[in-house]
Amino acid sequence: MSFPKEFLWGGATAANQCEGGWNVDGKGASTSDHLTGGTHTSPRRFTKVIEPNTYYPSHEAVDMYGHYKEDIKLFAEMGFKIYRMSINWTRIYPIGDEAEPNQKGVQYYREIFEELKKYNIEPLVTISHYEMPYGLTEKYNGWADRRVIDFYLNYCKTIFTEYKDLVKYWLTFNEINISLHSFGGYMGLGIMPKEDGPMMLFGKKETREEANIRFQALHHQFVASAKAVKLGHEINPNFMIGCMIAGSAAYPYSCNPNDVIEAQHRMQQANFLCGDVQVRGAYPHFAKRLFEEYGVELKMEPTDEQTLLEGKVDFYSFSYYMSGCASTDPELTKSAGNMMMGVSNPYLKASDWGWQIDPQGLRYYLNEIYGRYQVPLMVVENGLGANDVITEDGKIHDDYRIDYLREHIKQMDEAIKDGVDLIGYTMWGCIDLVSASTGEMKKRYGFIYVDKDNDGNGTMNRMKKDSFDWYKKVIDTNGNNLD
Ligand code: BG6
């Protein structure tokens, strides 16, 4: 295997999906705290007011807030070099527009970083992972309002300054490109939904005006990200600040030139638009036509272009779960997926949640991205959501997860041999947590099982799955033993 000696092996989580403690020690409500549980077939619901008898999975999640020492110890036992986590913005700024931070929140993350340091685990911190103060949604309509840039920067300034000697790697926004889809309006941008109701992932129609608001809000995030990069480097020049993109490999369904152009269009829209702005510091050549298609007229301040150019990220990180096919044939069925939808690929199998498993797509994506940007890459999410069952011997034999991860790791090795500068891998959901798309616990990713079910019942006890020892061996051998 070709993994460099200093390769950063680890795992990833997000605060809103694992921490719980949603209203303790001064924390305010996050956008994610207003989403109910759902399932594969029934969508999560958004409610403006927290309903007394409704289940909101983020409120308790898997209580990492109360278990972080135990959980970090388990990560250390696996040999993690890096741990990707996010800060709940609302622990630091409960409403979002305060001048001073909530000290208890600041202290909490300091303790986490110190705990990680004890085990020589490098933190990789997502500044905003599908979570922002609900106060900013109520008062400003989230990122639709340009003033939110300053609130975000105030938050960044606090955490960059407080943790400048404890954290080196940062990501400005999780999967910033999901806001290119209409469902990203609330999850990614905190734009207030018109009314309470199901959060449809796909098929939601939006007006031209709504599309305008969404793209404008995304532009504000780009500006905020660029300013954060600049600010971060001023506070500590050694900071490595990256973007985070939901990576979706799009293949042409056939060699019909229509399908080829469609696939190219998808790669541009879904992946390259955000990547280009954040890595190259400017909107790409195809943006103008794309905005015309959506009827979008972007409002830019005179300094925005320069700001984007001055705030280019240091590395490119992405999540990778599946690939999809692009076709112009309306008859072809669509395969299910959270962030990327495509026509089903007859050569691939899908997970129980309909995500098409494609390890080679990871090699393809790594090469496409590295060829385009030539900056270090990190895979910061990859994994298999599955319904794990405890067998009679009291264990979880998750060979299907091991198979999934092994095949993806092999393709990362191929990509490194191809010449790609890949510096790390943080497997998603290293400990079971709440699913972002469905709100379920049943869709588990972890090396560590947490005893909690879809309705919120369980002891919260942690238990190692078979994949725990397997991953420990992978890290021990720097990827040389994948058996
Ligand atoms: C990514 C998100 O899209 O996919 C995570 O960044 C999410 O937050 C992960 O959990 C897996 O998706 P899901 O819906 O299975 O939780």
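These numbers come from the heavy atoms of this one structure, side chains and all, not from hydrogens, waters or symmetry mates. Remember, it's 1-based here, ligands and their atoms both numbered in the order they're listed. Values in this document were obtained by computation on a predicted structure and should not be read as measured data.
Here the two rings, on Phe173 and Trp143, have centers that are under 6.0 Å apart. No close placement of the Phe151 and Tyr93 rings is indicated, their centers lying 6.0 Å or farther apart. Not less than 6.0 angstrom separates the ring centroid of Tyr163 from the ring centroid of Tyr109.
Considering backbone and side-chain atoms alike, Ser435 places an N or O below 3.5 Å from some N or O of ligand 1. Ligand 1 has no nitrogen or oxygen under 3.5 angstrom from a nitrogen or oxygen of Ser319.
Considering Gly439, Gly385, Ser32, Ala436 only, the shortest heavy-atom separation from atom 7 (C) of ligand 1 involves Ala436. Closest heavy-atom approach to atom 12 (O) of ligand 1 within the set Trp355, Tyr321, Tyr320: this belongs to Trp355.
Residues passing the salt bridge (Lys or Arg N to Asp or Glu O under 4.0 Å) test with Lys464, sequence neighbours excluded: Glu77.
Of all the atoms in ligand 1, the ones that sit under 4.0 Å from a non-hydrogen atom of Lys443 are 13 (P), 14 (O), 15 (O). Interface atoms of ligand 1 facing Asn174, defined by a heavy-atom separation under 4.0 Å, are 6 (O).
Contact between Arg462 and Val62 at its shortest, heavy atoms only, is NH2-O, 2.8 Å.
Judged by the shortest distance from any of its heavy atoms, His129 lies inside the 4.0 Å radius around the atoms of ligand 1. At least one heavy atom of Tyr445 sits under 4.0 Å from some atom of ligand 1.
Ring geometry for Trp22 versus His59: interplanar angle under 30°, hence parallel rather than tilted (30 to 60°).
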